[in-house]
Amino acid sequence: MSRIGVFICHCGTNIAGTVNVSEVAEAAKSLPHVVHVEENKYACSDPGQNAIKQAIEEHNLDRIVIGSCSPRMHEETFRKMLSETSVNPYMLEIANIREQCSWVHKEKEVGTEKSIDLVRMSAAKVDRNVPLYSGEIPITKRALVIGGGIAGIQAALDIADAGFPVTLVEKEPSIGGKMVMLDKTFPTMDCSACICAPKMNEAGAHPNIEIMNLSEVEDATGYIGNFSVTIRQKAKYIDYDKCNGCGLCEQKCPSKVVSEFERGLAQRRAVYKPFPQAVPSKPIIDAANCRKINEDRCGVCHKLCGADAINYEDKDELITQEYGAVIIATGYELIDWTKLYGEYGAGAYPDVIDGLTFERLINASGPTEGKIVRPSDGKEPKSCVMIKCVGSRDPHKGKAYCSRACCMYGAKHAHQFLEKIEDGECYVFYMDVRAAGKGYDEFYMNTLEDGAVYVRGRISHIYPEGSQYVCVGEDTLSKKLVTVSADMVVLDTAMVAQESADTIGRLFGVTRNLDGWLTEAHPKLRPVETNTAGVYLAGAAQGPKDIPDSVAQASAAAAKVIGMFCKDSLESNPMICTVNEINCRGCGDCVDVCPYGAISTQSVDRRENSVWVTRTLAFINAGLCQGCGACTASCKASALDLLGFTNEQILQEVDALCL
């Protein structure tokens with residue numbers, strides 16, 4: 001016969017303030033098989049846990065019910081506590097009387113009555129619990145980092161410095177991401193390339209880091225500690241083992257196209273590195289614009305290459321490797337304002353540009369060597385209008401969320417414009433100024449002192465008039481119509497999720513929110529983890545971030561990976577799905593609903609009624625299953641059950657509630 005112990009936590013006044021704890025404890029004494037009931041001021045504290053362990057020993061308890069806060073908070077805490085006793089850690093039930101009772105009911109009588117019901121249900125369920133035991137999962141001590149921006153670079157360096165090999169996958173020809181395109185970083189105004197390039201070079205030279213540029217993840221299977229990932233390494237048409245990076249092929253290539261890195265402000269060759277500090281410091285051939293590959297003409301690069309590194313017959317290569325953990329750092333893109341904001345010219349006005357294009361104009365290594373000029377005629381603009389929140393905080397056309405960094409990079413642009421343009425005028429139209437970071441508000445105030453004129457309001461219309469652009473809006477503080485003519489308009493556009501994040505998320509079972517950002521397991525307690533064990537998030541893959549936050553999250557994700565790799569093996573989760581092979585019809589419905597790809601169907605030879613038959617049955621990958629229970633709800637034959645939440649246990653709770 002079961003010997004159940006019930007412990008009701010006061011949680012200070014979190015529970016006791018609106019739940020009569022003594023009444024709940026008294027009611028628990030009459031429940032079947034309950035042999036000990038105890039109130040506890042703070043059950044999760046060391047004294048509280050010691051009291052529970054002492055009660056287990058004194059009353060020979062074999063099952064435990066704790067009425068406290070959400071099991072998401074402290075279930076693991078109490079399981080670890082039980083592992084130090086004679087009670088199996090999974091012979092535990094937590095009645096959530098804080099979030100589900102105390103925090104939602106103002107009337108003490110209602111909260112108390114509901115708490116009694118929850119404790120009664122938990123006692124009924126724990127009476128049907130069976131001991132569960134964890135297994136061991138081996139670990140492949142190699143990490144995969146997807147995305148070579150500053151977050152991906154930092155994560156790769158941290159893991160590599162800990163002594164573990166890392167593969168850094170970047171879809172562009174060079175690592176560096178958006179940060180290498182910037183001129184300065186707020187609020188310190190450090191040279192962006194000067195602080196990013198050393199990190200890039202360190203990653204490129206690190207013996208534990210393998211950089212796969214011009215590559216994308218194509219397929220992924222497996223589970224924590226044992227992911228099998230297929231990476232497509234696209235054809236570069238240059239043999240990197242032979243290439244010495246002399247740059248002669250780049251100089252002599254006659255084919256020129258618009259440079260993506262320079263945001264259309266300059267041209268590049270068909271043989272190119274996107275920027276001088278690129279890592280790897282070797283070029284690729286743009287097959288779409290190469291005359292030799294497309295027309296079988298030219299071939300200058302091959303003729304001049306003394307290292308014989310040019311290979312026009314190069315093909316994409318699929319590489320499959322095993323990894324123990326994955327960090328997704330896919331970064332962000334800027335919203336395409338030209339498709340959304342026709343009132344701003346929809347891209348037809350050459351001097352209405354976004355903030356990243358302005359960064360290339362003011363960058364000393366940019367196409368104008370840092371001189372601010374109008375893209376239309378190359379003349380120096382004497383006046384500039386900057387418009388914040390283009391695409392941000394705009395649920396009707398853009399995104400409802402705040403992109404976090406726009407207020408500060410807009411202030412930075414205003415500061416740089418006024419610094420470089422003598423007697424220049426700069427107007428900044430804003431909704432609100434959000435400067436929450438360290439030193440951010442001071443930086444914003446300095447921009448005002450520089451002479452930037454901040455106008456609270458949105459620009460409703462931009463149209464050309466002569467050589468200038470007329471910006472029409474409203475000053476919402478004075479409630480007056482405002483019209484400003486300027487030589488240049490800079491739009492501080494919203495940060496949006498990379499399109500590739502959707503594909504990567506699907507491959508690794510990571511969900512996305514409505515705006516396309518990859519979602520973490522818990523926004524406060526597990527901010528870098530995902531619901532797929534062994535897969536972590538870093539930087540702007542999770543949401544809009546500035547550089548310091550991206551770097552901090554990258555190091556946090558790396559710390560999780562290093563902590564995992566320091567173990568010889570992992571403890572598996574025993575609360576997974578099981579298959580009743582007698583009931584299973586092999587329909588495959590469970591395969592379709594499993595968000596983690598943990599279920600497959602297999603043909604099995606079985607002996608039934610003295611005859612060998614071949615049946616299709618569901619098969620559960622214990623390493624992938626996260627115990628979500630979606631499959632059990634979808635199984636029409638009731639062939640699937642979730643250990644720890646079996647049909648029998650759930651029905652026992654329902655019966656207890658209906659008493």
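The chain is numbered in sequence order, starting from 1.
- Annotation: side-chain hydrogen bond (donor to acceptor under 3.5 Å, both in side chains) contacts involving residues 547-562, sequence neighbours excluded, comprise D158-S555, R404-D549, E529-K560, Q542-Q553, K545-Q553.
- Between C407 atom SG and F186 atom CZ the span is 9.5 Å, to the nearest 0.5 Å.
- I459 is not listed as a side-chain neighbour of V489, based on a closest heavy-atom distance of 4.5 Å or more.
- A salt bridge does not link K397 to D394: none of the charged nitrogens lies less than 4.0 Å from a carboxylate oxygen.
- No hydrogens or angles considered: nothing links the side chains of D450 and T447 as a donor-acceptor pair under 3.5 Å.
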> Stepwise, does the side chain to side chain contact (heavy atoms under 4.5 Å, CB included) test hold for I547 with M179?
Replying inline: CA-CA 8 Å; I547 294 170; M179 185 174 175; 3.9 Å; yes
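- Each of F429, Y427, Y444 was scored for a ring pair (Phe, Tyr, Trp, His ring centres under 6.0 Å) with Y454, with one residue passing: Y444.
- Not a single donor-acceptor pair under 3.5 Å links the side chain of S215 to the backbone N or O of E170.
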>> Let's go through R512 and D502 carefully: what are the C-alpha distance in whole Å and the side-chain angles of both, what is the deciding distance for side chain to side chain contact (heavy atoms under 4.5 Å, CB included) to 0.1 Å, and is it a yes or a no?
In response: CA-CA 7 Å; R512 299 197 307 157; D502 183 33; 3.3 Å; yes
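- In this model, no donor atom of one side chain and acceptor atom of the other lie less than 3.5 Å apart for Y401 and N513.
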>> For a side chain to side chain contact (heavy atoms under 4.5 Å, CB included) check, start with the C-alpha distance between T368 and L265, then their side-chain angles and the critical distance, and finish with the verdict.
In response: CA-CA 9 Å; T368 63; L265 297 173; over 6 Å; no
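- Applying side chain to side chain contact (heavy atoms under 4.5 Å, CB included) to V561 and the options V528, I159, V145, L144 leaves one that passes, I159.
- Using a 4.5 Å heavy-atom threshold, the side chains of L356 and L182 count as touching.
- Judged by distance alone, with hydrogens and angles left aside, the side-chain atoms of Y332 form no donor-acceptor pair with the main-chain N or O of K178 at under 3.5 Å.
- Between the side chain of S392 and the backbone N or O of C402 there is no donor-acceptor pair closer than 3.5 Å.
- The environment of R526 atom CZ is dense: over 12 non-hydrogen atoms of other residues, nucleotides or ligands sit within 6.0 angstrom.
- By the 4.5 Å heavy-atom criterion applied to side chains, K412 and E359 are counted as neighbours.
- Put simply, the side chain of R269 gets close to the backbone of C253: a donor and an acceptor are under 3.5 Å apart.
- Checking side-chain atoms of S376 against main-chain N and O of D351 turns up no donor-acceptor pair under 3.5 Å.
- The line from CD1 of I224 to CD of Q626 is 8.0 Å long, rounded to the nearest 0.5 Å.
- Judged by distance alone, with hydrogens and angles left aside, the side-chain atoms of T493 form no donor-acceptor pair with the main-chain N or O of L334 at under 3.5 Å.
- No option in E262, R263, M488 other than M488 meets the side chain to side chain contact (heavy atoms under 4.5 Å, CB included) test with L361.
- S500 has its side chain out of reach of E216: every pair of non-hydrogen atoms, C-beta onward, lies at least 4.5 Å apart.
- For the residue pair Q267 / S259, no side-chain donor-acceptor distance below 3.5 Å is found, with atom types taken as modelled.
- By the neighbour-count criterion of 12 heavy atoms within 6.0 Å, atom CD of E260 is densely surrounded, having more than that number from other residues, nucleotides or ligands.
- Side-chain atoms of D487 do not come within 3.5 Å of backbone N or O of P381 as any donor-acceptor pair.
- Counting heavy atoms from C-beta outward, V433 and Y440 have side chains that stay 4.5 Å or more apart.
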>> Quick one, D286 with R268, criterion salt bridge (Lys or Arg N to Asp or Glu O under 4.0 Å). Give me CA distance, side-chain angles, the key distance, then yes/no.
In response: CA-CA 10 Å; D286 177 4; R268 61 163 174 82; 2.9 Å; yes
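- Aromatic pair Y409/H413: ring centres closer than 6.0 Å.
- A donor-acceptor pair is defined here as one N or O able to donate and one able to accept, closer than 3.5 Å; such a pair exists between the side chain of T532 and the backbone of G509.
- Looking only at side-chain heavy atoms (C-beta outward), N226 and Y223 come within less than 4.5 Å of each other.
- Electrostatic pairing of E380 and K382 counts as a salt bridge here, judged by a charged N lying under 4.0 Å from a carboxylate O.
- To the nearest 0.5 Å, atom CG of residue D316 and atom CD of residue Q233 are 9.5 Å apart.
- The existence of a salt bridge linking D432 and R393 is confirmed by a sub-4.0 Å separation between a basic side-chain nitrogen and an acidic carboxylate oxygen.
- The closest donor-acceptor contact from the side chain of N294 to the backbone of A287 lies under 3.5 Å.
- Other residues, nucleotides and ligands contribute more than 12 heavy atoms inside 6.0 Å of the NZ atom of K420.
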>> Quick one, V217 with F508, criterion side chain to side chain contact (heavy atoms under 4.5 Å, CB included). Give me CA distance, side-chain angles, the key distance, then yes/no.
In response: CA-CA 11 Å; V217 174; F508 291 99; 4.3 Å; yes
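- Rounding to the nearest 0.5 angstrom, the gap separating the CG atom in D219 from the OG atom in S228 is 8.0 Å.
- Atom CD in E499 sits 13.0 Å away from atom CD1 in I504 (nearest 0.5 Å).
- The CE atom of M386 sits 12.0 Å away from the SG atom of C471 when rounded to the nearest 0.5 Å.
- Using a 4.5 Å heavy-atom threshold, the side chains of P173 and K273 count as separate.
- Smallest separation of non-hydrogen atoms from Y349 and Y344: CD1-O, 3.7 Å.
- A donor-acceptor distance shorter than 3.5 angstrom exists from the side chain of S460 to the backbone of V472, with no hydrogens or angles considered.
- With contacts defined as side-chain heavy-atom distances shorter than 4.5 Å, the pair Q321/T167 qualifies.
- Within 6.0 Å of CG in L318 there are more than 12 heavy atoms belonging to other residues, nucleotides or ligands.
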